Protein chains: 2
Amino acid sequence: MTFSEENYLKTIYHLTAVSDADISTNAIAEKMETKASSVTDMLKKLSEKDLVNYVKYQGVSLTEKGKLAAKMIVRKHRLWECFLVEKLDFSWDEVHEIAEQLEHIKSEKLINKLDDFLGNPTEDPHGDPIPDANGRIIKVEKQLLSEFEKNQMGICVGVKDTSSDFLKYLDKQEIALGSQIEIIEKESFDSSFRIRVGNKEITVSNKIASNIYIK
Amino acid sequence: MTFSEENYLKTIYHLTAVSDADISTNAIAEKMETKASSVTDMLKKLSEKDLVNYVKYQGVSLTEKGKLAAKMIVRKHRLWECFLVEKLDFSWDEVHEIAEQLEHIKSEKLINKLDDFLGNPTEDPHGDPIPDANGRIIKVEKQLLSEFEKNQMGICVGVKDTSSDFLKYLDKQEIALGSQIEIIEKESFDSSFRIRVGNKEITVSNKIASNIYIK
DNA sequence: TATAATTTTTAGCTTTGTCTAAATTTAATT
DNA sequence: AATTAAATTTAGACAAAGCTAAAAATTATA
């Protein structure tokens, strides 16, 4: 499988997680920052290889084979992110780009040894689950901070937006995986939140609160 | 720089280490298992980028820029090999193929952090030197076992042939980096050697002896 | 339900890196 | 020195993956 094919599968996998319905050509093109015509070409190719179910004009979904392949790429990506953060001391906003490259390294033995070396983690540095060697995923029930009400509290277990900008913002506010967060006030006007993180009180917008997972 | 460009630079670098003179198109083609015409095309491209000195029909050499780039690829390859053997517990005959992929990962920060994580090794698992971040190489004076005479002894510090077959043979004979080797007898008829490794005596052909470095 | 707007696909072109076959240059040999 | 042999380069073609522009299908709207 080529790098490009792997990137398409991964993108379709991630889009599927959100919407469930068949994925449109345009949605893929937008996410991959490419043109719809390029996507059409690739979908034909992936369909030939039985990795996706593709019907002209009707969108696309992953076959079981394609889903497993996509999960293996995600597995590699997230394990490498763990390695970068835990062993090489990268911060969580720096690892995505490098993992985008490392996820294409081909060696099952390598990835399984890496998995063991890291102590078989179940989540990456952003709180996203790591599929095991068979593609199984342990789902952790988690809620967005924005869905919480006044006086509730919980632990930050992940982020929805993993962009460098957002992660740097969280670093600045000293919000990290494992941070205890308590809702002090929910402003009904703009749905912003007054929260306590550790022993500091801060105000976060609804957009921020909609990208932090709490358990 | 593309993967392909990097592979050509690396090949020219390795061939230069052996012969010193300008490298021929055919030599590159043979080593890379490709066709001379493909090599010609790439040499033009690398020449355009000032990575090689190329004169039609006369062969090529690396420019300073090209040499540095090649050394950085070799650095990455050898550091990843160290990682695979020391941290992930691969054997020395398994790592080359995977390192061939990992050497193309682009991130200076990554490779320097990996270097530190490994304790800034100066040699890879086959005894080959690892260039530092500036391309400097610490040369260890070493001799081929085949150049030794009766009753001399030394420590195995590297191998010339790093093929999986040869390394597996060495494993079988319990010859590893750091093994003490003593020449008991040199057979003048076929230049084979009777040697002691640890406390075992074995006979090795001249071909074997010509691929083991001793200090 | 026609028509307009949007989405998707097709057709044809580009680049990268490869190949084969033919042409050219260099080296070797008589 | 002439001719043959070997090495190298050129010319032209191909596959992968991308693009633009035009055509076709679907969806939305009046």
Side-chain angles (χ1 to χ4, degrees), chain A residues 1-13 15-16 18-62 66 69-70 73 100-101 103-106, chain B residues 1-13 15-16 18-62 66 69-70 73 100-101 103-106:
Chain A
M1 196 151 33
T2 65
F3 281 25
S4 191
E5 289 173 336
E6 291 190 341
N7 284 334
Y8 275 93
L9 283 184
K10 192 183 55 165
T11 300
I12 297 168
Y13 177 79
L15 289 171
T16 304
V18 178
S19 85
D20 219 30
D22 277 14
I23 308 302
S24 74
T25 302
N26 262 3
I28 297 169
E30 195 181 356
K31 187 117 190 220
M32 297 188 71
E33 296 184 321
T34 183
K35 297 298 152 91
S37 56
S38 307
V39 175
T40 300
D41 287 347
M42 182 56 86
L43 293 183
K44 283 183 196 161
K45 198 176 154 194
L46 293 174
S47 182
E48 275 302 306
K49 296 189 175 188
D50 257 315
L51 292 162
V52 300
N53 304 116
Y54 169 59
V55 184
K56 261 191 190 186
Y57 295 102
Q58 307 297 218
V60 66
S61 63
L62 293 172
I73 300 160
E100 288 280 297
Q101 298 180 61
E103 73 190 2
H104 299 297
I105 302 293
K106 279 158 192 61
Chain B
M1 198 150 31
T2 66
F3 281 25
S4 191
E5 291 173 334
E6 291 189 340
N7 285 332
Y8 275 93
L9 283 185
K10 191 183 54 165
T11 300
I12 297 168
Y13 177 78
L15 289 171
T16 303
V18 179
S19 85
D20 219 30
D22 277 16
I23 307 303
S24 74
T25 303
N26 263 3
I28 298 168
E30 195 181 355
K31 187 115 191 222
M32 298 189 71
E33 295 183 320
T34 182
K35 298 298 153 88
S37 56
S38 306
V39 175
T40 300
D41 287 346
M42 183 57 85
L43 293 183
K44 283 184 198 160
K45 198 176 155 195
L46 293 174
S47 182
E48 275 302 307
K49 295 188 175 189
D50 256 315
L51 293 162
V52 300
N53 305 115
Y54 169 58
V55 184
K56 260 194 191 185
Y57 295 102
Q58 306 297 177
V60 292
S61 61
L62 294 171
I73 300 160
E100 288 280 298
Q101 296 180 62
E103 72 190 3
H104 299 296
I105 301 293
K106 277 158 194 63

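Naming convention: chains lettered A, B, ... in sequence-line order (proteins, then strands); numbering from 1 in each chain. All figures in this text were calculated on a predicted structure; none of them were measured in a lab.
Residues from residues 18-33 of chain B with heavy atoms under 4.0 angstrom of DNA chain C: there are none. Taking every heavy atom of residues 53-61 of chain B and every atom of DNA chain D, pairs under 4.0 Å involve B/Tyr54, B/Lys56, B/Tyr57, by number.
With sequence neighbours excluded, no residue forms a salt bridge (Lys or Arg N to Asp or Glu O under 4.0 Å) with B/Lys56. Listed by chain and number, the residues in a side-chain hydrogen bond (donor to acceptor under 3.5 Å, both in side chains) with A/Asp22 amount to none (sequence neighbours excluded). Scored by the salt bridge (Lys or Arg N to Asp or Glu O under 4.0 Å) test, A/Lys44 finds no partners at all (sequence neighbours excluded). Not counting sequence neighbours, the partners of B/Gln58 by the side chain to side chain contact (heavy atoms under 4.5 Å, CB included) test are B/Val55. Annotation: side-chain hydrogen bond (donor to acceptor under 3.5 Å, both in side chains) contacts of A/Thr40 (sequence neighbours excluded): none. Applying the side-chain hydrogen bond (donor to acceptor under 3.5 Å, both in side chains) test to B/Glu100 and every residue at least two apart in sequence or in another chain returns B/Lys10, B/His96.
Dashed line: the shortest gap from a side-chain N or O of B/Ser4 to OP1 or OP2 of C/dT16 is not under 4.0 Å. Between B/Tyr8 and C/dT16 there is no side-chain polar atom (N or O) within less than 4.0 angstrom of OP1 or OP2.
Nearer the 5' end of DNA chain D, as judged by each residue's closest nucleotide, is the contact made by A/Thr2, out of A/Thr2 and A/Ser37. When each of A/Phe3 and A/Lys35 is assigned the nucleotide of DNA chain D with its nearest heavy atom, A/Phe3 is the one assigned upstream, toward the 5' end.
You'll find that the side chain of B/Thr40 is closest to D/dT9, out of C/dT18, D/dT9, D/dG18.
Residue pairs meeting the salt bridge (charged side-chain N to carboxylate O under 4.0 Å, His left out) criterion with at least one member in residues 25-41 of chain B: none, sequence neighbours excluded.
If you take NZ of A/Lys44 and P of D/dA16, they are 14 Å apart, rounded to a whole angstrom. If you take CG of B/Asn7 and P of C/dT16, they are 17 Å apart, rounded to a whole angstrom.
Taking the six-membered ring where the residue is Trp, B/Phe3 and B/His104 present parallel rings, their angle staying beneath 30° rather than reaching 60°.
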